[in-house]
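Predicted, not measured: the structure shown is a model, and the values here were computed from it.
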Amino acid sequence: MPRPSVAELRPVVHPDGVKDRRSGEHWAGRMYMREISLHIDPYLVNTKITPNQLTYLMVVVGVIGGGALLIPGLTGAILAVVLFQIYLLLDCVDGEVARWRKQTSITGVYLDRIGHYLCEAALLVGFGIRGADVFHQNGTSTNWLWAFLGTLAALGAILIKAETDLVDVARQRSGLPAVKDEASVPRSSGLALARRAAAALKFHRLVGGIEASLFILVAAILDVVHGDLFFSRLGIAILAGIAIVQTLLHLVSILASSRLK
């Protein structure tokens, strides 16, 4: 079977609305990764590799990316960033291959969501363990407080995603159709304003995999300049705080909107 061209693939794997999904498409996907993946797809669509296998590979790469943070210094942080870029690439490619082959499935969607939970949690837990200094690169003892805070950040990141996903679960079990974007606006004008302010600042994105990996790299660079783990530990505290606050605010936002109506 001849290899399809990018021009042939584009309308099928990038149908109208894929890049414009307000809550379903990552900014990095819109900016560059969907174009990169579009040039990778021709080499995959005619192989025996299945979309679900690509999703499994995405999960493995993301979890290894979190584990890479156990490597001290800039090496581990750079490796984590690179692996999470590959993770994002695979996250794009698996769905595109599925659409081209008409192999989209409920199993694929489920694996994709579980993969996001696992990988982003692995990154934040890895960051916490890095801050705990388990290999005593910056002292003679391990401070497990930072591992705890990293795990707390990971739990918050998972709960934020779960809060969103459980809206669809609740609606389906109540016999309601999928929620529309406009239903996410809180009914209270005050909460709506707060939501717009939070969306403009976008601080909540720091607990996402791509943003967190870049944030961790910046902290690692500052650590090298400062000569210890001060900035990584400060970063862990910031991400844990953001995760806790965003978990609560996101829950309030959902309950105050029309998403459960």
Side-chain angles (χ1 to χ4, degrees), residues 25-37 57-93 115-139 142-158 160-161 201-246:
E25 182 67 12
H26 195 276
W27 60 265
R30 288 192 297 270
M31 287 184 64
Y32 62 89
M33 196 58 81
R34 285 290 180 188
E35 290 303 312
I36 295 174
S37 65
L57 181 59
M58 176 197 81
V59 176
V60 170
V61 169
V63 171
I64 292 174
L69 291 175
L70 300 185
I71 301 172
L74 283 178
T75 302
I78 292 171
L79 187 56
V81 168
V82 171
L83 287 170
F84 264 79
Q85 290 296 316
I86 297 172
Y87 155 86
L88 179 61
L89 174 62
L90 291 167
D91 189 30
C92 293
V93 167
H116 292 167
Y117 282 41
L118 287 174
C119 295
E120 295 189 8
L123 182 71
L124 294 170
V125 170
F127 191 29
I129 295 174
R130 179 184 180 89
D133 195 20
V134 292
F135 297 120
H136 304 160
Q137 297 296 311
N138 288 273
T142 298
N143 190 335
W144 291 106
L145 170 65
W146 305 106
F148 169 76
L149 290 177
T151 303
L152 195 62
L155 178 60
I158 290 174
I160 292 165
K161 290 182 178 297
L201 293 172
K202 294 180 173 54
F203 72 93
H204 59 284
R205 287 186 174 178
L206 281 177
V207 294
I210 299 301
E211 293 86 349
S213 66
L214 295 172
F215 180 81
I216 291 166
L217 176 59
V218 171
I221 293 171
L222 293 174
D223 282 344
V224 170
V225 175
H226 198 259
D228 57 20
L229 289 170
F230 173 80
F231 286 100
S232 282
R233 288 172 171 174
L234 177 62
I236 293 165
I238 290 171
L239 294 186
I242 288 173
I244 293 169
V245 171
Q246 182 60 18

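For CZ of F148, the number of neighbouring non-hydrogen atoms (other residues, nucleotides, ligands) closer than 6.0 Å is 12 at most.
To the nearest 0.5 Å, the span separating CG on L222 from CG on D228 amounts to 11.0 Å. S213 contributes atom OG, which lies 12.0 Å from atom CD1 of I78 (distance to the nearest 0.5 angstrom). Rounding to the nearest 0.5 Å places OG1 of T151 at 9.0 Å from CG of L155. The line from CZ of R205 to CD1 of I210 is 12.0 Å long, rounded to the nearest 0.5 Å. Put simply, CG on L234 and CG on D223 are 9.5 Å apart, with the number rounded to the nearest 0.5 Å. In this structure, CG in L69 is found 9.5 Å from CD1 in I129, a value given to the nearest 0.5 Å.
Listed here is the closest heavy atom pair of A153 and A243: O-CB, 3.6 Å. G115 and V59 get closest at one heavy-atom pair: CA-CG2, 3.4 Å. Counting all heavy atoms, side chain and backbone alike, I236 lies closest to G131 at CD1-CA, 3.7 Å. Here the shortest heavy-atom pairing between G65 and A80 reads O-CB, 3.5 Å. Here the closest non-hydrogen pair linking Q246 and I160 is CG-CD1, 3.5 Å. The two residues M33 and L88 make their nearest non-hydrogen contact at CG-CG, 3.9 Å.
The side-chain heavy atoms of Y87 and H116, taken from C-beta on, include a pair separated by under 4.5 Å. Contact of the L239 side chain with the L206 side chain is registered, since non-hydrogen atoms from C-beta on lie closer than 4.5 Å.
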